[in-house]
Amino acid sequence: MRHHLILRVSTKLLAGAIMLFAFYVQFHGDYSPGGGFQAGVILAVAFVLYGLVYGLEAAQEVLPRRVVHRMMALGVLVYAGTGVVSLLSGYAYLDYNALNPGMPEKGQEAGILLVEGGVGITVAGVMISVYYAFAGRPPRISDEEW
Amino acid sequence: MIETGINIALFSMLVVTALVAVRLRHLFGVVMLAGAFSLLSALLLVTLDAADVAFTEAAVGAGISTVLMLGTLALTSRREKIPSHRPWLPLVVVLVTGAAIIYGTLDMPDFGAPDSPAQTGVAAEYIARSPHEIGIPNIVTAVLASYRGYDTLGEVGVVFTAGVGVLLLLGGLRARRRRGRPDGPDGEEG
């Protein structure tokens, strides 16, 4: 696919901006619409776009399969682990007051940041893995047939 | 008044997109129309002030789903086969189901009615309590991640399970299995 010059150049320009936007959506979710689910998908889109234009191998050089597979599980572990931390501090499961007993509203803020982070990691990992799994199968339709 | 106009315009475009997608046999066009359908749904959700849901619909429905359907298309066929049977029975089933659903909506409270169950339940409590209980201004995030943290943990579990399911079905875990068991078949069983 050496011939898609405009696509290749604009992808290079856009990929970084898309990732930055994903992190904005992730960390600004406390103040504006957004959060882990949306941010994870947008982060995945950056890699999907890169893979579509530069080929699957190039995308997997940046983010190998085993890393995204571990991301899927890591996010769930971060989320569930936050609950275990509050459980071990003597609070109810997923009660974020445990993270800062002196100032519960700060603890809530930290807990929400953690679990939203877990959501984002899992969603991004699943979306990228699913894309890798689909794109990794040998296609039956040649490039010219579209 | 202007909102009614926007709603009518969006819904008409939604119906036209759906009808064209059903009639079209060229599947690449159908996938593109499905993406347009998601984008129009996202716009409708914006007019309902559900920015979070609209965001997700635009990112997942119009973005990722379109790419995955294109990936599926590359693995199967570009054109839909002409069906061998007449579509009358499915049409009747769809019409009856649709009529039943519309009949069901007649019982629903008006949009934005103050006495609807959605307004009289826990929502008022969340709005009253979250500003001083939780140190973030976005009540949607506070409800999603804190008050309803169990639900969201379940949702993440669902996303994880779906991802694992796709990997098992499509053989995305093949490389690892081959390394562990050099003489086995490459991940197609099970």
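The chains referred to below are lettered A, B, ... by the order of the sequence lines, with proteins before strands, and numbering in each begins at 1.
The contact between Y31(A) and chain B is made by backbone and side chain atoms together, counting heavy-atom distances below 4.5 Å. In this structure, no portion of T82(A) lies under 4.5 Å from any heavy atom of chain B. Heavy-atom distances place the side chain of V115(A), and not its backbone, under 4.5 Å from chain B. Within the 4.5 angstrom heavy-atom criterion, no atom of V140(B) approaches chain A. For V119(A), the parts lying under 4.5 angstrom from a heavy atom of chain B are both the backbone and the side chain. Contact of A110(A) with chain B is not made at all, since no heavy-atom distance falls under 4.5 Å. The contact between F37(A) and chain B is made entirely by side chain atoms (from C-beta outward), counting heavy-atom distances below 4.5 Å.
For F23(A), the CZ atom is loosely surrounded, since the number of other residues' heavy atoms within 6.0 Å does not exceed 12. Heavy-atom neighbours of L95(B) CG from other residues, nucleotides or ligands within 6.0 Å: above the threshold of 12. Counted within 6.0 Å of CD1 on I2(B), heavy atoms from surrounding residues, nucleotides or ligands total 12 or fewer; the atom is thus considered open.
Interface check for chain A: of the options G63(B), A59(B), A162(B), S146(B), the most heavy-atom pairs under 4.5 Å are formed by S146(B). Between chain A and the options V60(B), V159(B), I139(B), heavy-atom pairs under 4.5 Å are most frequent for V159(B). The greatest number of non-hydrogen atom pairs below 4.5 Å with chain B, out of G111(A), G34(A), P104(A), G125(A), is found for G34(A). The candidate from G35(A), A73(A), G75(A) with the greatest count of non-hydrogen atom pairs under 4.5 Å with chain B is A73(A). Ranked by heavy-atom pairs under 4.5 Å with chain A, the list G157(B), A54(B), P137(B) is led by P137(B).
In this structure, the separation between CD1 on I112(A) and CD1 on I136(B) is 4.0 Å, given to the nearest 0.5 Å. Separating the CE atom in M127(A) from the CG atom in L68(B) is a distance of 8.0 Å, to the nearest 0.5 Å. Rounded to the nearest 0.5 Å, atoms CG (L170(B)) and CZ (F134(A)) are 5.0 Å apart.
Among all heavy-atom pairs drawn from A44(A) and I64(B), the shortest one is CB-CD1, 4.3 Å. Closest heavy-atom contact between V130(A) and G163(B): CG2-CA, 4.4 Å. Nearest approach of V166(B) to A133(A), heavy atoms of both residues: CG1-CB, 4.4 Å. When all heavy atoms are compared, the tightest approach of L167(B) to M72(A) is CD1-SD, 4.0 Å. Of all non-hydrogen atoms in H132(B) and E105(A), the two that sit nearest each other are O-CB, 4.1 Å. When all heavy atoms are compared, the tightest approach of E133(B) to Q108(A) is O-CG, 3.6 Å.
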| request: Evaluate the side-chain contact (heavy atoms from CB on, under 4.5 Å) criterion for residues Y96(A) and I134(B): first the C-alpha distance (whole Å), next the side-chain angles of each, then the deciding distance (0.1 Å), finally the verdict. | output: CA-CA 10 Å; Y96(A) 314 131; I134(B) 292 173; over 6 Å; no
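Taking 4.5 Å as the limit, every side-chain heavy atom of F55(B) sits out of range of all side-chain heavy atoms of V41(A). With contacts defined as side-chain heavy-atom distances shorter than 4.5 Å, the pair L144(B)/E116(A) qualifies. By the 4.5 Å heavy-atom criterion applied to side chains, L153(B) and L94(A) are counted as neighbours. For the pair D52(B)/Q38(A), a side-chain contact is recorded, criterion being any heavy-atom separation below 4.5 Å from C-beta on.
Under the 4.5 Å side-chain contact rule for hydrophobic residues, V46(B) and M13(B) do not share a cluster. Under the 4.5 Å side-chain heavy-atom criterion for ILVMFWY residues, no single connected hydrophobic cluster contains both F37(B) and I8(B). Clustering ILVMFWY residues whenever any of their side-chain heavy atoms sit less than 4.5 angstrom apart, transitively, puts L77(A) in a cluster other than the one holding V156(B). Two different hydrophobic clusters hold L20(A) and I121(A) under the rule that ILVMFWY side chains link at heavy-atom gaps under 4.5 Å. The hydrophobic cluster containing V123(A) also contains M19(A), counting ILVMFWY residues as joined when their side-chain heavy atoms lie under 4.5 angstrom apart, directly or transitively.
Put simply, the side chain of T141(B) gets close to the backbone of G29(A): a donor and an acceptor are under 3.5 Å apart. For Y131(A) (side chain) and G71(B) (main-chain N/O), no donor-acceptor pair under 3.5 Å exists by modelled atom type.
Connectivity analysis of hydrophobic side chains (ILVMFWY, heavy atoms under 4.5 Å, direct or indirect) links I82(B) to nothing; its cluster partners are none.
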